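Inspection log for the structure reproduced underneath, given as structure tokens.
As a basis for the values below, the full set of heavy atoms in this structure was taken, side chains included, without hydrogen atoms, waters or symmetry mates. Letters go in sequence order (proteins before strands), and every chain restarts at 1. Values in this document were obtained by computation on a predicted structure and should not be read as measured data.
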Number of protein chains: 2
Amino acid sequence: MNTIRTASVCSKPRQLSIRDIATAAEVSHSTVSRALQHSPLVKRETAEKIQHIAEEMGYRASAIARGLATNHTSTIGVVVTTIADPFVAEIIGGIEETANDHGYSVFLANSNADSEREIKVVHSFEERRVDGIVVTSSRVGALYTPMLSRMHIPIVLINNQHPGEFVHSVMIANLEASRDATRHLIALGHKRIAYLGDQYGYQSDSERFAGYREALAEAGLPFQPEMVVHGDGKSEGGMRAVEKLLALPQLPTAVFCYNDMSALGVLRRLQLAGLEVPRDVSVVGFDDLFLAQFCHPPLTTVRQPKRRMGQLAMETLLSLLAGAESEENITVPGELIVRESTAPPREDR
Amino acid sequence: MNTIRTASVCSKPRQLSIRDIATAAEVSHSTVSRALQHSPLVKRETAEKIQHIAEEMGYRASAIARGLATNHTSTIGVVVTTIADPFVAEIIGGIEETANDHGYSVFLANSNADSEREIKVVHSFEERRVDGIVVTSSRVGALYTPMLSRMHIPIVLINNQHPGEFVHSVMIANLEASRDATRHLIALGHKRIAYLGDQYGYQSDSERFAGYREALAEAGLPFQPEMVVHGDGKSEGGMRAVEKLLALPQLPTAVFCYNDMSALGVLRRLQLAGLEVPRDVSVVGFDDLFLAQFCHPPLTTVRQPKRRMGQLAMETLLSLLAGAESEENITVPGELIVRESTAPPREDR
DNA sequence: ATCCCCTCGGAGAGCGCTCTCCTCAGTGGC
DNA sequence: GCCACTGAGGAGAGCGCTCTCCGAGGGGAT
């Protein structure tokens with residue numbers, strides 16, 4: 001059992017309670033409670049007087065006590081793989097904004113992309129009696145089903161890594177977006193296009209891979225298994241993957257990377273090898289991280305509407321909380337952003 | 001009065017309480033409470049039996065109820081200017097990690113760098129009865145003093161924009177770091193060094209400016225007011241500021257930017273003007289954002305130990321919570337990271 | 001046997017709210 | 001004058017914990 005405890009030494013002095021306001025205003029505590037929540041059951045002037053006194057005394061209602069009494073806390077829990085990931089940060093931004101607009105506060109915790117830790121964090125959210133939970137890149141999608149039924153606490157997954165296993169989610173249209181990106185390369189005249197995937201077998205990777213293959217197929221281009229390499233989702237992995245491509249008898253003229261961080265590594269490693277992007281090799285990423293526009297050359301990539309996805313997740317949660325049988329799985333389209341890392345292949349290659 | 005409310009329709013079913021476990025285990029609720037917090041007042045086997053039953057029934061203690069009873073919640077509130085800022089994201093990472101290690105959960109909210117909103121957010125944290133608060137780039141430092149005494153809730157500021165006005169803070173050594181950065185340029189042989197500051201008059205800007213002047217002075221270089229321009233902290237502002245420098249009769253050979261985002265704009269605008277960095281102009285930033293190593297050319301900059309600063313802030317909070325009269329103001333040194341955006345000036349300039 | 005202490009566990013108050021159930025005037029209808 | 005009704009506000013239980021105060025039983029020591 002993991003209970004939330006701390007050996008705090010300092011005991012704060014009692015804070016003002018509703019009863020203190022009551023005696024000051026010479027009414028009962030019930031009336032104060034009602035006045036403070038603008039109940040029509042209390043006369044206008046009485047309410048105003050009470051509100052005035054409360055304000056003056058610097059009274060802050062305890063959300064804790066209210067939560068206990070009402071059985072809901074106006075809080076939601078957000079679990080992310082890591083906060084430092086710029087991709088994730090924007091999603092959080094979208095969630096927090098929408099949450100705040102509706103009077104909700106958000107608990108933030110990171111799972112370090114570790115399923116065990118993810119579960120632990122969610123448990124701690126349960127103990128905190130959050131009203132809802134949003135999880136990005138969940139590693140354990142299916143495990144939330146019992147939680148939904150047992151605890152009746154709605155959960156929305158963003159870019160769930162095990163789709164089809166859970167009811168409420170917001171996803172990017174991986175297949176379509178990556179097909180579009182690959183089509184873009186094909187339209188430029190590329191025929192030898194490498195795919196840089198991920199080594200952990202995530203759903204997002206395999207869907208993007210499928211889109212890549214679909215585009216090749218519809219263009220009548222052969223699929224060449226040696227053109228598929230794997231990274232770790234970070235730039236280091238991208239660099240290592242390029243080395244495998246460099247060892248090939250014939251270099252691909254373009255590389256489609258399943259995310260921007262990998263693409264950054266690709267860019268760097270190609271430059272190290274004395275190759276110029278896009279003259280020698282074209283590179284496409286996926287995500288449209290903030291830095292994609294600042295790297296050299298600015299990266300052609302697929303934009304995920306990260307902020308919007310956060311908002312959508314929170315909106316789904318809100319309608320779920322309002323009792324709606326909300327839409328099950330929301331898919332948002334990606335958008336191809338063409339910058340300067342792609343160009344037609346050189347004639348001689 | 002801003003009370004936290006929502007018109008949630010769905011009323012969750014009652015969850016398991018300590019009493020349910022008590023009847024199942026045929027003991028009193030007090031014993032369950034004690035067993036669950038590993039009190040020595042209950043016999044080992046009884047405790048284990050209770051823990052087992054609780055586990056089996058999927059019981060989750062209510063942190064809400066506990067918070068009400070104990071008068072502390074094991075939560076802290078973090079207010080940031082904006083979550084999407086990569087600078088801030090890393091700080092949050094440091095805070096969250098340390099908090100979590102000590103059994104604290106963190107509430108996250110953003111102030112949009114708006115002082116009014118900052119206060120609102122802090123109020124909502126008060127209502128939630130957080131045990132402590134961390135604020136980054138506070139706009140209202142001094143206002144927290146009454147809060148400290150009235151509410152007895154410790155507050156730590158990170159990079160407070162009104163230093164000297166508040167007791168607990170973690171700050172980067174702006175002056176020293178920017179002096180070092182300027183010295184680096186001087187050592188390379190630069191004599192006409194521009195300073196790109198901020199237009200809002202933040203403390204961090206003026207301290208960095210002071211460091212710049214100090215370095216000039218100690219090298220016996222004249223301070224030239226026309227070499228000082230102002231941006232908005234973002235790349236757009238950096239670009240606009242460069243235009244003023246381009247209009248000068250003689251271009252500076254180096255630009256020291258008070259943050260990386262501005263420097264990115266400088267890089268871009270100089271390239272647009274057909275100038276090459278660092279051959280024609282050297283550029284130095286401040287922050288060492290993640291993307292500083294990926295831009296073109298990789299940016300020489302001052303690293304702020306962002307994650308560490310978050311940790312330090314949280315550690316300060318923890319010792320404050322433990323009743324210690326913790327160190328008042330912590331200053332951490334910046335570190336100059338020399339990359340490829342700086343070089344000796346061209347002979348002919 | 002008496003007394004004391006020590007261990008284990010129960011009873012119940014209290015944390016600060018909400019909300020139901022009452023009470024008490026005042027008012028209007030007949 | 002009686003009753004019903006309405007509007008305003010009080011009393012108090014209850015939310016799910018913690019923790020103090022007790023009590024019961026079981027040894028020693030005297």
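- Between the CD atom of E48(B) and the P atom of dG9(C) there is a distance of 13 Å, rounded to whole Å.
- For the pair I64(B) CD1 and dT18(C) P, the computed distance is 14 Å after rounding to whole Å.
- As a whole-Å value, the separation of R66(B) CZ from dG14(C) C1' is 17 Å.
- Rounded to a whole Å, the CD1 atom of I50(B) is 14 Å from the P atom of dC17(D).
- Remark: R19(A) is not in phosphate contact with dC17(C), judged by side-chain N or O atoms under 4.0 Å from OP1 or OP2.
- The CD1-P distance, from I18(A) to dG9(D), rounds to 15 Å in whole Å.
- Between the side chains of Q37(B) and S33(B), a donor-acceptor pair is found at a separation under 3.5 Å.
- Using a 4.0 Å cut-off, some side-chain N or O of Q37(B) falls inside it from OP1 or OP2 of dT18(D).
- Rounded to an integer number of Å, the gap from R128(B) CZ to dC17(C) P is 14 Å.
- With hydrogens and angles disregarded, a donor-acceptor distance shorter than 3.5 Å links the side chain of D131(A) to the backbone of T73(A).
- Note: CD (Q15(A)) to C1' (dC15(C)) measures 12 Å, nearest angstrom.
- An end-to-end axis angle of 60° holds for the helix from dA1(C)-dT30(D) to dC30(C)-dG1(D), taken from five base pairs per end and rounded to 10°.
- Looking at T98(B), its side chain does come within 3.5 Å of a backbone N or O of G94(B) through a donor-acceptor pair.
- Residues S17(B) and R44(A) each lie close to DNA chain D; by heavy-atom proximity, the contact nearer the 5' end of the strand is made by R44(A).
- Q51(A) places a side-chain N or O within 3.5 Å of a backbone atom of A35(A) that can act as its donor or acceptor partner.
- Within the structure, every side-chain polar atom (N or O) of Y59(B) is placed at least 4.0 Å from both OP1 and OP2 of dG16(D).
- In the model, S169(A) has a side-chain atom that pairs as donor or acceptor with a side-chain atom of N329(A) under 3.5 Å.
- Between the side chains of N112(B) and N110(B), at least one donor-acceptor pair of N or O atoms lies under 3.5 Å.
- Judged by distance alone, with hydrogens and angles left aside, the side-chain atoms of D20(B) form a donor-acceptor pair with the main-chain N or O of S17(B) at under 3.5 Å.
- Side-chain atoms of V42(A) lie closest to dG9(D) of the nucleotides dT18(C), dG9(D), dG16(C).
- A heavy atom lying under 4.0 Å from DNA chain D marks the following residues of residues 25-34 of chain A, by number: V27(A), S28(A), H29(A), S30(A), T31(A), R34(A).
- When each of K43(B) and A69(B) is assigned the nucleotide of DNA chain C with its nearest heavy atom, K43(B) is the one assigned upstream, toward the 5' end.
- For L68(A) and dC17(C), the CG to P distance is 12 Å, given to the nearest whole Å.
- Judged purely by atom type and a 3.5 angstrom limit, S124(A) has no side-chain atom pairing as donor or acceptor with the backbone of K120(A).
- Remark: Y202(B) pairs with Y200(B) by the ring-ring contact (aromatic ring centres under 6.0 Å, His included) rule, at least two apart or across chains.
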